There are 2 protein chains.
Amino acid sequence: VSPGGRRPGNLDTRDDIIQAAKRVFAANGYEKASLRAVARDAGVDASLVHHYFDGKSDLFVAAMSLPFDPRQVNAESHDVAGEAFHVNARGARIVEGFLGMWDRAEGTGSSFASCAGAMAASPAVADAMREFVSERIWSVQTAGNTDDPETSQRRSSMVASQLMGLAFTRYILRVPPVSTDTPAQIAAWAGPTIDRYRLDPLL
Amino acid sequence: VSPGGRRPGNLDTRDDIIQAAKRVFAANGYEKASLRAVARDAGVDASLVHHYFDGKSDLFVAAMSLPFDPRQVNAESHDVAGEAFHVNARGARIVEGFLGMWDRAEGTGSSFASCAGAMAASPAVADAMREFVSERIWSVQTAGNTDDPETSQRRSSMVASQLMGLAFTRYILRVPPVSTDTPAQIAAWAGPTIDRYRLDPLL
């Protein structure tokens, strides 16, 4: 039992780990951060971090209050990678899934406005977020394609620009009908844009 | 001379008016705010507001620390409206102009991150911004088109989603190459998206 009377396994310990993770991710970014460094910063044994969190991406999702189900971040990426990469009309599915996820997070501490505000206020948070998305999602999603890495990166960044912009317009600027229609309706207009960035010659 | 020893025409007065304008725009939005209400809130004569600011849009740009040259907000809108509406390939020009403007504002108090952060933190600020853009820019830009109002609004909101997303990706998330290329290079990929939202059948 620690000086504060805490025991392994209580809520304070989990929260201490999350607070430590915020500091470590902000200082080192996502790639370079380790669960060991988080445990050291929190003053707990590394095994305790593994007890609460299913790896680094799980801990990151919790530390950044992201609305992802940590167990789905990998599952969905693998699902997408499992299909042939060059499937047209997947853009609409990507838009619908992305907005559906943020719709469900509205009114919680994981809303798009709160996540975007945290990134706007802190370049370190934005850097960690970019590395996380890059490593956990894009690298898996583009695993099946035959583009050179530079073109892949260009496609991913353009896809990100349309997705982030839809969220910004829907949840922050709240311009109708982007702010009022269903994710499926928005996907019908924006899906072809995503597919163009994913598949067409860009220049 | 006021109790504080101020005279009409000094910097304090101008700043008082800007602070009052922030309160009035946040409380009433852009459309319903009046220069008279701002003068009342600042405790100055309405003529003094007109002395410092060339109308409501000029005052709004100052109050929101926007990187627009107030005198250009109208001029450029009229310029665009003056051309035939259905000109293809204007999308690239819109993207290049939009990013060029925010590029010049980087490192100042009018950076995209600071404006986006203010909108993310306050729905009232975001509402006023949406009304401002809607009334001063979109309504003029779409003046020459023959779409019904609902379709016009849909086109404008989709254009906004791609523009805001490019800025978010370039200045906040900083994903290369969107964060590293020139506005003209980005315009080459994103321009056709803007033109599709402006001109093509959407559904």
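Predicted, not measured: the structure shown is a model, and the values here were computed from it. All chains are named by letter (A, B, ...) in the order of the sequence lines, taking the proteins before the strands, and each is independently numbered beginning at 1.
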Going from [atom1] on [X] to [atom2] on [Y], what distance comes out if it is rounded to the nearest 0.5 angstrom?
| X | Y | atom1 | atom2 | answer |
| --- | --- | --- | --- | --- |
| A/Met164 | B/Ser161 | CE | OG | 12.5 Å |
| A/Gln162 | B/Thr193 | CD | OG1 | 7.0 Å |
| A/Ile172 | B/Met129 | CD1 | CE | 11.5 Å |

Legend entry - Side-chain heavy-atom pair A/Arg154, B/Val178 within 4.5 angstrom cut-off: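 Counting from C-beta outward, A/Arg154 and B/Val178 never come under 4.5 Å.
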Legend entry - Pairwise side-chain contact, A/Met158 with B/Leu166, heavy-atom cut-off 4.5 Å (strictly under):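 Side chain of A/Met158 against side chain of B/Leu166, heavy atoms only: contact under 4.5 Å found.
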Inset, instruction - Specify which of B/Ala120, B/Pro123, B/Ser157, B/Ser122 makes the most heavy-atom pairs with chain A at under 4.5 Å. - result: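 Option with the greatest count: B/Ser157.
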Inset, instruction - Return the option, out of B/Cys115, B/Pro176, B/Ala190, with the maximum number of heavy-atom pairs under 4.5 Å with chain A. - result: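 Ranked by contacts with chain A, first place is B/Pro176.
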Inset, instruction - Identify the heavy atoms of B/Trp189 and A/Tyr197 that sit nearest to each other, and give their distance. - result: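 Shortest heavy-atom contact: O-CE2, 3.8 Å.
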Legend entry - Residue, of A/Leu173, A/Val125, A/Thr169, that accumulates the most heavy atom pairs under 4.5 Å with chain B: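 Heavy-atom pair counts peak at A/Leu173.
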Legend entry - Option in A/Pro192, A/Pro177, A/Gly117, A/Ala121 with maximal non-hydrogen atom pairs under 4.5 Å from chain B: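 The option with the most such pairs is A/Pro177.
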Inset, instruction - State whether the side chain of A/Arg130 and the backbone N or O of B/Arg174 hold a donor-acceptor pair below 3.5 Å, judged by distance alone. - result: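 Yes, the answer is positive, given that a donor and an acceptor are paired below the 3.5 Å cut-off.
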Inset, instruction - Go through the atoms of A/Ala116 and report whether side chain, backbone, both or neither lie under 4.5 Å from a heavy atom of chain B. - result: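 For A/Ala116, backbone and side chain are both near chain B.
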